[in-house]
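As the structure is a prediction and not an experimental result, all values here were calculated from the model. All values below come from the heavy atoms of this structure, side chains included, with hydrogens, waters and symmetry mates left out.
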Amino acid sequence: MRQDQGTPGASFMANDTAGSIRVRFAPSPTGHPHVGNIRTALFNWLFARHGGGTFLLRIEDTDTARRVEGAVESITDGLQWLGLDWDEGPVFQSDRLPLYRDAADALIQRGAAYRCFCTPERLEQVREDKARQHLPPRYDGRCRDLDPAEVSSGITSGTPSVIRFKTPRHGETTFEDLIRGPVTFENATLNDYVLLKSDGYPTYHLANVVDDHDMRVTHIMRADEWISSTPLHVMLYSSFGWNPPQFAHLPMILGPDKAKLSKRHGATTVIEYREQGYLPEALFNFLALLGWSLDDKTELFNRNELVKAFTLERVGKTAAVFDRTKLDWMNGVYIRALDIEEFAHHAMPFLERDLPESVPRPIDRQYARRVLTLLQERTKVLSEVAELSTFFFEDAVSYPEQQLIQKGMDASKVQQVIRTVLAAVDGLEKWEAETLESSIRPICEQLGLSPRQVFGVLRVAVTGRTAAPPLFDTMEVLGRSHCLSRLTIAYRRMEDSWSAEIG
RNA sequence: GCCCUCAUCGUCUAGAGGCCUAGGACGCCAGCCUUUCAAGCUGGAGAUCAGGGGUUCGAAUCCCCUUGGGGGCACCA
C-alpha cells in the first residue's frame, strides 16, 4: 500500500532521491522547555517519523549570558520522557564557532554584510530617536558604507564590532510557507540584523541558517513567532548561494488569557507536568491536538496512530489556548486504560512522595496495589493519588463528628447502626467485600433505614470521608482490625455527642 | 508606531460553494445507574460561522474593507 500523498514537502521529496526528510528541534538552553517548545519538537518528530525521515537535536547556545545550568539535561529529559527520540545530535552551536565566523566573513567578501563599530549607547540613542519620530526602531546604517581604511583601522585598534547583514533597501522578499502560503515582506521594512556579535558568537539568524544548510535540513518547522525573521533567513540563503529549506510555521500555543504561553501562566514546563502526575502518552496525545487534527471526531491516538496520521496539511493556522481541564480529562482516560500493574508502577512514586511522613516508608507495595485498584478510575492526575488514599495508610482517621449523623438520624441512631453492624460482623470468617455486604445490607431494613444512611455512617466512620471508593471494597482492603477500631471510635464519639445533648 | 499573521460554541476543533436549520470533544446542566465519589449511559443549554460590502442561482467556505486577537520590530533565541 502506498503511503498517503503526504505533505507538499513529502511528495516533493518523494521524487528527490538525493535525500529524505530531515527536520530538527533547535531549542536554546535558557531554561526548562515549556509545552510550546515541546509541541514544536513533537510536530517535527511526528513529521520525521511519518515520512521515514531524520529528526535532529541541535542546541542553540549562542547566548552566553542567558545560558542556564542544567537546561540541556532538562531538554533531553523532557524529550525522552515523551518518547521523542532523536537520530542525530545533540549538536552544540558553541562547538562550531569557526563555521559561523567563516560564513560571516564570506558574506562580507560578497558585499552582503558589513562590519559595524557602533556602540550599544549609540544604538540606544538611534532607537530613541526613531521612537520619537514614530519610526520603526531600525539601525540607521551609519557603518553600512564605511571606508575600507576605517574598517581596517577599527579592527587593528581592537574596537569592538559586529557584523551586520546589508539588507537591500528596495524590493521585497517572499517565501512560501507550507502552512500559510506565500508571505511577503517589503525589504525596506527590514533591519540590518546583526549576524555576528562582538563576542564572536553568531546570532540566531546566522547560526540557524548555516547549520540548517550544513545539516541538510529539508523542512524548518517552528512556531510562527519566527515568521518575521524568515525573510532575513531567506536572504541569507540566497546570499550564500544555497537553496533554502521549506518553511512551515506552526500556530502558537496561548495561555488562558490568549497571550503567548509563559511562566506566569503557571505550570508550563514539561517537568512540571511529569511531577503533577500526567502520563507522557496523555500529554503527547493532547499536545498533538493543539494545532493539528485528523477529522471531526478522532481525539484519542496512540503514538503509532499519530505517526501514521500526522501530515502538515492537517496543521491549522490559528493559535490554540492550552486548556488544562481537557488535558485532565484525557489524562484520566489514559490512566483508566492502564492495567493495574502499570497504574501501580506509575502511582507508587507519588505515594512515596506525597503520603504523610507518619506513614512508614517504603510503602508496602502489595497493600498499595490493592488500594490503587480502588483508586484508578477516580484519578485524573497521579499527584492526587496520595490525597485520595491517606485514610488507607494512616492509623487513625479524623473528621467532624457531625458527619457521622446522616440525614434523618440522630446520635443514638448512629450508635444503633454501629452497634448492630459490629455485632453482625463479629463472627465473620472472611473479611471480604462480599461477605461484609451480605451481613451488613440486611441491617438497613432491619433498622428501617436506607442504605444511603447506613452506609453513609459506616463510610465516615471507616474512612473519615464523605466521598470514598465503594464501602465494602474499602473495608476489605482496610482490614478487620482497622475497621473495627474505627467503628468503635465512632461509637464513642457519638456517646459524647449524646451525653452532650442531654446535659 | 511599523511589519507579518489569524478570525466557527467558554476551550480544542470539523467544515476546502449547495450534504450546515454548522458536526465532534472538554467543560457546564439534567436524568439514569447507584451506598458516597468517580466511571458509564442518555438528554440539554451553548456559535445570527467577528462586522460590513461584494462575487454567485446559492457562501462559514471566494474577493475587498473594517474591527478584534496574536506575533515580531535587540550584539535573545
Quick check: any donor-acceptor pair below 3.5 Å linking the side-chain of A/Thr189 to the base of B/C3?
no

Side-chain donor/acceptor contact of A/Arg138 with base of B/C73 under 3.5 Å
no

Using the [atom1] atom as the point on both nucleotides, what is the distance between [M] and [N], in whole Å?
N	M	atom1	result
B/C9	B/C29	C1'	15 Å
B/G15	B/A25	C1'	16 Å
B/C62	B/C76	C1'	41 Å
B/C64	B/G71	C1'	24 Å

Please give me every residue in residues 93-101 of chain A whose heavy atoms get under 4.0 Å of an atom in RNA chain B, ordered by residue number.
none

Of the options [options], whose atoms approach the side-chain atoms of [X] most closely?
X	options	value
A/Tyr204	B/A74, B/G72, B/A77	B/A77
A/Arg127	B/C4, B/A74, B/A39	B/A74
A/Ala259	B/G71, B/C75, B/C2	B/G71
A/Pro137	B/A7, B/U11, B/A74	B/A74
A/Leu290	B/C12, B/C75, B/G72	B/C12
A/Arg441	B/C75, B/C3, B/U35	B/U35
A/Lys317	B/U36, B/C6, B/G71	B/C6

Check the phosphate of [N] against [X], side-chain N and O only, distance under 4.0 Å to OP1 or OP2. Yes or no?
X	N	answer
A/Arg452	B/U36	yes
A/Ser293	B/A14	yes
A/Lys258	B/C6	no
A/Arg164	B/C75	yes
A/Arg324	B/C12	no

Would you indicate what A/Pro231 reaches in the nucleic acid, counting non-hydrogen atoms under 4.0 angstrom: base, sugar-phosphate, or nothing?
nothing

Could you run down the sub-3.5 Å N/O contacts of the protein with nucleotides 25-32 of chain B?
from, atom 1, to, atom 2, distance (Å)
B/A25, O4', A/Glu299, OE1, 3.0
B/A25, O2', A/Glu299, OE1, 2.3
B/A25, N3, A/Lys326, NZ, 3.1
B/C26, O2', A/Lys326, N, 3.4

Side chain to side chain contact (heavy atoms under 4.5 Å, CB included) evaluation trace for A/Phe43 with A/Val23:
CA-CA 10 Å; A/Phe43 278 28; A/Val23 293; over 6 Å; no

Residues A/Ser389 and A/Arg378: side-chain donor-acceptor under 3.5 angstrom
no

Describe, in one word, how the ring planes of A/His205 and A/His233 are oriented to each other, choosing from parallel (under 30°), tilted (30 to 60°) and perpendicular (over 60°).
tilted

Paired nucleotide for B/C2 [Watson-Crick or G-U wobble; both distances under 3.5 Å]
B/G72

